[in-house]
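This report refers to the structure that appears directly beneath it.
Note that the numbering runs from 1 along the sequence shown for the chain. Not measured: the values here are computed from a predicted model.
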Amino acid sequence: MSASVHPPFPLLLTDDDGLDDVRAALSAADAIADLGTDLTATLAWVVGISRPRSLRGTWELLACTAARDVAAARVLEPHLDALGILDEAAAAGFEVPVDRDGSWGVFAAEGPGVRVQARRDAGTWTLHGTKPWCSLAGDLTHALVTAWVDDDHRQLFALDLRDPAVTARTGPWHARGLERVVSAPIDIDGATAVPVGEPGWYLRRPGFAHGGVGVAACWWGGALPLRSALAEAARGDRADQLSRVHLGRADTALWAARAVLVETAGVFGAGGSASTGLRAARARAVVVEAVETTLAEAAHALGPLPLVADEAYARRVADLQVYVRQHHAARDLAKIGGDVAEGADAW
């Protein structure tokens, strides 16, 4: 596999779509010798990026970054998502007096037996409890965190992770993929936080669906070099019809996923809101199936050699296998089926 060769730019759009900011960000990424593995350098690059002016540009940047390094995209995506959420809050009329400089994450997962409670006293909000799945909490400066304001409602808050009342755990994290992107709990003991929107706003806003497809753009971009490895094998002296079948399956799956991403970006960018959540869920399902097809075809076509002899290839496969598990497989498909069965079936 030619790990140093990037897929052509742009991947999702055309070159006349105003992608100068994306091109500049990728040029800066290419100057980092160990993008994704050197976490300090990668975070410095992420903080220095200007958020693309459009949703389409954001997905292009995410896909192109993942094509270079999956872990780098995994670091970049929540940072851009957090900045986008803050912009969305401002546009909706919510004042969020926070310093946007620094590195940001979004911690919205819930887990059994733990929760973060938000309390308000004399106009000041504080957070209390344990939040699971907080990626890079020990390395970031800030995060947007969901917390329960009562038994039934959650609200989003901006939290300074450097507050002494915030403790980032170092594990458990025994991952072989995304090894440096530690996703462990944080413990919060009365840290001051700033509300972002009203209760329930985080999930209701259109950007929630947009962010979910942004993750899928990372998955898709991360799989493209595996397609390149299959193409290289299919051109080799020992290539046979089977090698071309493996390439054909991966190529058509990724091509279809690309079409879905492009259409979804166009609909969302034009302000389409009907069945936004269902459209996003469909897009994610199509992309994750394409990525898993590509992983399987690469494994069958190329065998164990690149997994043990090509560090970049082996790391990409391991990173992708962990990253796509943000998709909940059959459970997410069941949710799509339920929505369609209840009448939310607009194409």
Side-chain angles (χ1 to χ4, degrees), residues 6-30 35-36 45-46 49-88 104-106 205-225 227 253-273 275-291 294 319-320 323-324 326-327 332:
H6 305 141
F9 174 87
L11 298 177
L12 294 170
L13 307 179
T14 61
D15 226 350
D16 59 355
D17 277 307
L19 297 176
D20 290 346
D21 48 356
V22 176
R23 193 186 306 275
L26 294 173
S27 295
D30 291 339
L35 182 71
W45 168 70
V46 165
I49 290 175
S50 297
R51 195 168 74 88
R53 295 182 293 273
S54 69
L55 181 66
R56 291 157 60 90
T58 299
W59 292 1
E60 181 71 49
L61 175 58
L62 291 172
C64 289
T65 300
R68 286 158 169 76
D69 186 89
V70 175
R74 180 66 182 84
V75 176
L76 173 63
E77 186 277 325
H79 176 79
L80 293 182
D81 190 33
L83 297 183
I85 292 169
L86 292 173
D87 285 344
E88 198 171 3
W104 286 79
V106 180
R205 63 192 176 85
F208 182 77
H210 300 173
V213 186
V215 174
C218 295
W219 300 337
W220 180 81
L224 292 184
R227 173 186 175 275
L254 291 172
W255 176 83
R258 179 189 180 276
V260 167
L261 288 171
V262 170
E263 184 199 50
T264 304
V267 171
F268 285 171
S273 59
S275 301
T276 300
L278 177 58
R279 183 180 293 274
R282 285 169 170 161
R284 283 169 62 94
V286 170
V287 171
V288 79
E289 184 172 352
V291 171
T294 302
D319 288 350
L320 268 177
Y323 201 176
V324 297
Q326 286 191 7
H327 187 261
D332 283 351

Nearest 0.5 Å, please: how far is [atom2] in [Y] from [atom1] in [X]?
X	Y	atom1	atom2	answer
L13	E60	CG	CD	4.5 Å
L261	L254	CG	CG	10.0 Å
T65	I49	OG1	CD1	6.0 Å
D81	L83	CG	CG	9.0 Å
C64	D30	SG	CG	10.0 Å
L19	S54	CG	OG	7.0 Å

Shortest non-hydrogen contact from [X] toward [Y]:
X	Y	value
V106	P78	CG2-O, 3.7 Å
A257	A290	CB-CB, 3.8 Å
L35	A29	CD2-CB, 4.0 Å
R284	G212	NH1-O, 2.8 Å
L320	W219	CD2-O, 3.7 Å
L55	G269	CD2-N, 4.4 Å

Apply the test side chain to side chain contact (heavy atoms under 4.5 Å, CB included) to residues D87 and R51: give CA-CA distance (whole Å), side-chain angles for both, the deciding distance (0.1 Å), then the verdict. CA-CA 11 Å; D87 285 344; R51 195 168 74 88; 2.6 Å; yes
Hey, does the side chain of [X] reach the backbone of [Y] with a donor-acceptor pair shorter than 3.5 angstrom?
X	Y	value
E77	C218	no
D69	A71	yes
R227	T294	no
E88	R205	no

Could I get the full list of side-chain contact (heavy atoms from CB on, under 4.5 Å) partners for T264, not counting sequence neighbours?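 Scan of T264 (side-chain contact (heavy atoms from CB on, under 4.5 Å), adjacent residues dropped) gives W59, V213, V260, F268, R279, A283.
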Can you name the residues that form a side-chain contact (heavy atoms from CB on, under 4.5 Å) with R258, not counting sequence neighbours?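 In terms of side-chain contact (heavy atoms from CB on, under 4.5 Å), with neighbours along the sequence ignored, R258 is linked to L12, W220, V262.
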Would you indicate whether the side-chain heavy atoms of P52 and V22 approach each other to under 4.5 Å?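 Sidechains of P52 and V22: in contact.
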Please step through side chain to side chain contact (heavy atoms under 4.5 Å, CB included) for the pair W104 and V46, ending with a clear verdict. CA-CA 10 Å; W104 286 79; V46 165; over 6 Å; no
Residues forming a salt bridge (Lys or Arg N to Asp or Glu O under 4.0 Å) with R282, sequence neighbours excluded: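 Applying salt bridge (Lys or Arg N to Asp or Glu O under 4.0 Å) to R282 gives none.
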Looking at D319 and R74, does any basic side-chain N land under 4.0 Å from a carboxylate oxygen?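 Salt bridge absent between D319 and R74.
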Let's go through L76 and W45 carefully: what are the C-alpha distance in whole Å and the side-chain angles of both, what is the deciding distance for side chain to side chain contact (heavy atoms under 4.5 Å, CB included) to 0.1 Å, and is it a yes or a no? CA-CA 9 Å; L76 173 63; W45 168 70; 3.9 Å; yes
Distance only, no hydrogens: is a donor on one side chain within 3.5 Å (strictly under) of an acceptor on the other, for T14 and D17?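 Looking only at side-chain atoms, D17 and T14 do form a donor-acceptor pair, the distance falling under 3.5 Å.
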Counting neighbours of CD on Q326 that are heavy atoms of other residues, nucleotides or ligands and sit closer than 6.0 Å, is the number greater than 12?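 Yes - once you tally the heavy atoms of other residues, nucleotides and ligands closer than 6.0 Å, there are more than 12.
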